[in-house]
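The chains referred to below are lettered A, B, ... by the order of the sequence lines, with proteins before strands, and numbering in each begins at 1.
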2 protein chains.
Amino acid sequence: MTNFYHIRDLSSNFEDYLKIIGDLEAGKDQVRSKVIAKTMKVKPSSVTNALQVLREQKLITYEPYGPISMTSKGKRFWLIIHQKYKTVKGFLTEILEIDHETADKLACTIEHKISPQVTERILLLKQFLKDENLCGTNAIDRLHDFFSKRTEESEKEIGKEIPRFLLSVLKPGEKATIHKIDGDKAIRQKFLDMGLIRGQEVVVERVAPLGDPIEITVRGYSLSLRKSEAELVIVK
Amino acid sequence: MTNFYHIRDLSSNFEDYLKIIGDLEAGKDQVRSKVIAKTMKVKPSSVTNALQVLREQKLITYEPYGPISMTSKGKRFWLIIHQKYKTVKGFLTEILEIDHETADKLACTIEHKISPQVTERILLLKQFLKDENLCGTNAIDRLHDFFSKRTEESEKEIGKEIPRFLLSVLKPGEKATIHKIDGDKAIRQKFLDMGLIRGQEVVVERVAPLGDPIEITVRGYSLSLRKSEAELVIVK
DNA sequence: GGTAAATTTTAGACATGACTAACTTTTACC
DNA sequence: GGTAAAAGTTAGTCATGTCTAAAATTTACC
Ligand SMILES: [Mn+2]
Ligand SMILES: [Mn+2]
Ligand SMILES: [Mn+2]
Ligand SMILES: [Mn+2]
C-alpha cells in the first residue's frame, strides 16, 4: 500500500550534504561544489545530484554553475541536525572520552536517527554529571577516574601492562597515546577543546632547548604546549 | 572501506538479518523464512536473497527449502552484534529512560556502527551510575529525579501543566503516559523489566472489584498489577 | 580578449536491496 | 496417496546513489 520508496523524506546521506553546506555557509567563503565533494569523499557529479535533490526539497537555492545558498527551511533543518550532532559528539568525547575521529563518525550516524527526546536526555545527563558534586569531587572527574582504573585493571588481567610517562619527557618524533590528564577542571576543559583526550594519539614534533615549549601534532593539527602543561598529560 | 568493527562485506541490513536468525535460533522453534520476513518487515523474497548472501559469507548453512542454521562464525558475529544491541538499548532505557520502542529502533541503528571501546565505556558509565551511592541516594535515581524535575519545569514554562494521577485510580479503557515510578530500587527494576518506564504509554484493560488486581496493556503485552504496585506509578 | 586550466554538469553504467508476479516445493488434511 | 493451501524461490523490475567519461561553463592569466 504505502510504498515508502516514494515518500521523499531526506535520507541520511542527503542530510549530511545539507549539514556540510550549512557548516560551509557559516564560514566566510562561498560554498563550493568541489569542497562539498572533498568533505563527503565523493565525486563532484554526486554533489551535483545531491544539490538537485536538496533544491527539489526547497532546502537550498541553486542553478547550474551558480552559487549555492540555503533557504530558511534549509537553515532550520541544518540547525536541528547540527544540534543533534553536537550533542552526541559532546557526549562521546566529554563523557565517554572517546577520541574525536571515532566520535565524529559515530555522531554522524546517530544524528540522523535520534529523536528530540533522546537529545534532551543526553544533554540533561551531561549537565547532571557536570553539576553533581559528590564528596567534593565532580562526577565527571570521578567517572573518568573510574574509566582509567578499569582500563588499567583489564590491562593487568591480560598481562600487558603498558608503561606510562608524562608527555613532557617524550623526544621529537616519538608517538604516544594519551592515558590521563591531571589538573583542575579548567585546564582539563582547555585540553579537551584542543582535542587532547584519553585514547588520542599524539606525535611530538619539536622540543625547545629547556623543554619549553613542546610542539605536538594532534589529529593533523599542530599545538604548542608549555612544559607545565605537558607535565599534566600522562601517555603510554 | 575496511571497517574493522563490523563483519567484512556485510551491510547493516544484513547484520540485522543475522541478528534475527540468531535471536530465533535461541528460541526453541526452527528458524522460518516467514518469521524473518515478518520481523524485518520485508517480503519473503527479500529474505531468500539475504539468506543467500549470509550463506556466501559462511555465516549460515542453508539450502533452498531447507532448514536455516548458523555456523560457528555466524554465532560469533551474532554475539557481537547482540551484545552491542543490549548495551545500547540498556543505556537508552535504564539510564536515559527512553521508551522501549524508540530505544529499540535507535539501538538497531547504532549496534552496527559502534566500536568495542564505545561499548565498553557505555557499560562502565552504567556501572558507575549504578554503584555510585553517595548521600544515601543512588546516582541513577538522582539522575531520574533530575529528569522529572527538568521535564516539569519546561512544561510549566510553556504553560501546559499536565495533571498527574496514580495509575491505580484510572478506569478501564483509559490511556496514560508514565511519568514517574516511586518505590525502592528492587521494585523499580521489576517495573523496568516489565517495560514500565517513563514515557511509556499504558492502557488500563480491567480493574477487579476492589481495585486489585489491575490489568493493563504495555507495548502489546498484558500485565496484571497489584493495587499496591499501581499506587507507585504516577501517570499523566 | 583569448586560451588553458579548473570547475561543474550531463549522460549513462552499475551495485545494492527492495519489490511483484509467477513458479516450485513442502505441508496439511481428507 | 491426492489435492489444496502455505511456504519459499526465481526472475525480472525499480529506486537510490554512487561512479566514469565527456561536454559545458567559469576562472585565471597572459
Ligand atoms: Mn554564475
Ligand atoms: Mn551524518
Ligand atoms: Mn527440506
Ligand atoms: Mn540493527
Worksheet item: Take atom CD in B:E205; do more than 12 heavy atoms of anything else shown fall under 6.0 Å from it?
Response: yes
Worksheet item: Is there any side-chain hydrogen bond (donor to acceptor under 3.5 Å, both in side chains) pair reaching into residues 117-129 of chain A, and which pairs are they, with sequence neighbours excluded?
Response: none
Worksheet item: Tell me, which pairs form a side-chain hydrogen bond (donor to acceptor under 3.5 Å, both in side chains) where one or both residues lie in residues 12-25 of chain A, sequence neighbours left out?
Response: A:E15-A:H112, A:D16-A:H112, A:K19-A:E111, A:D23-A:W78
Worksheet item: Can you tell me how far C1' of D:dT18 sits from CD1 of A:I36, to the nearest Å?
Response: 16 Å
Worksheet item: From A:I114 CD1 over to A:I122 CD1, what is the distance, rounded to the nearest 0.5 angstrom?
Response: 4.0 Å
Worksheet item: Taking five pairs at each end, how big is the angle between the two axes of the helix from C:dG1-D:dC30 to C:dC30-D:dG1, to 10°?
Response: 10°
Worksheet entry | Rounded distance (Å) that lies between atom P of D:dA15 and atom CZ of A:F14 | 15 Å
Worksheet entry | Residue pairs fulfilling salt bridge (charged side-chain N to carboxylate O under 4.0 Å, His left out) with at least one residue in residues 47-59 of chain B, sequence neighbours excluded | none
Response to the item:
note: A:K41, atom NZ; D:dC19, atom P; distance rounded to Å ~ 13 Å
Please write out each protein N/O paired with an N/O of nucleotides 9-12 of chain C under 3.5 Å, distance rounded to 0.1 Å.
residue: C:dT9; atom: OP1; partner: A:Y62; partner atom: OH; Å: 2.4
residue: C:dT9; atom: OP1; partner: A:Y65; partner atom: N; Å: 3.3
residue: C:dT9; atom: OP2; partner: A:T48; partner atom: OG1; Å: 2.7
residue: C:dT9; atom: O4'; partner: A:Y65; partner atom: OH; Å: 3.4
residue: C:dT10; atom: OP2; partner: A:Q52; partner atom: NE2; Å: 2.8

Fill in: Of all pairs that satisfy side-chain hydrogen bond (donor to acceptor under 3.5 Å, both in side chains), the ones with a partner from residues 42-51 of chain B, not counting sequence neighbours
none
Worksheet entry | Greater than 12 external heavy atoms within 6.0 Å of A:E63's CD | no
Worksheet item: Roughly how many Å is it from NZ in A:K43 to C1' in D:dA21, rounded to a whole number?
Response: 13 Å
Response to the item:
Rounded to whole Å, OH of A:Y17 lies from P of D:dT16 at a distance of 15 Å
Worksheet item: Does a nitrogen or oxygen in the side chain of A:K34 sit under 4.0 Å from OP1 or OP2 of C:dT7?
Response: yes
Item to complete: Indicate whether the side chain of B:H100 and that of B:K89 have a donor and an acceptor atom separated by less than 3.5 Å.
Response: yes
Item to complete: Determine: side-chain N/O of B:R32 to OP1/OP2 of D:dG8, distance under 4.0 Å, yes or no.
Response: yes
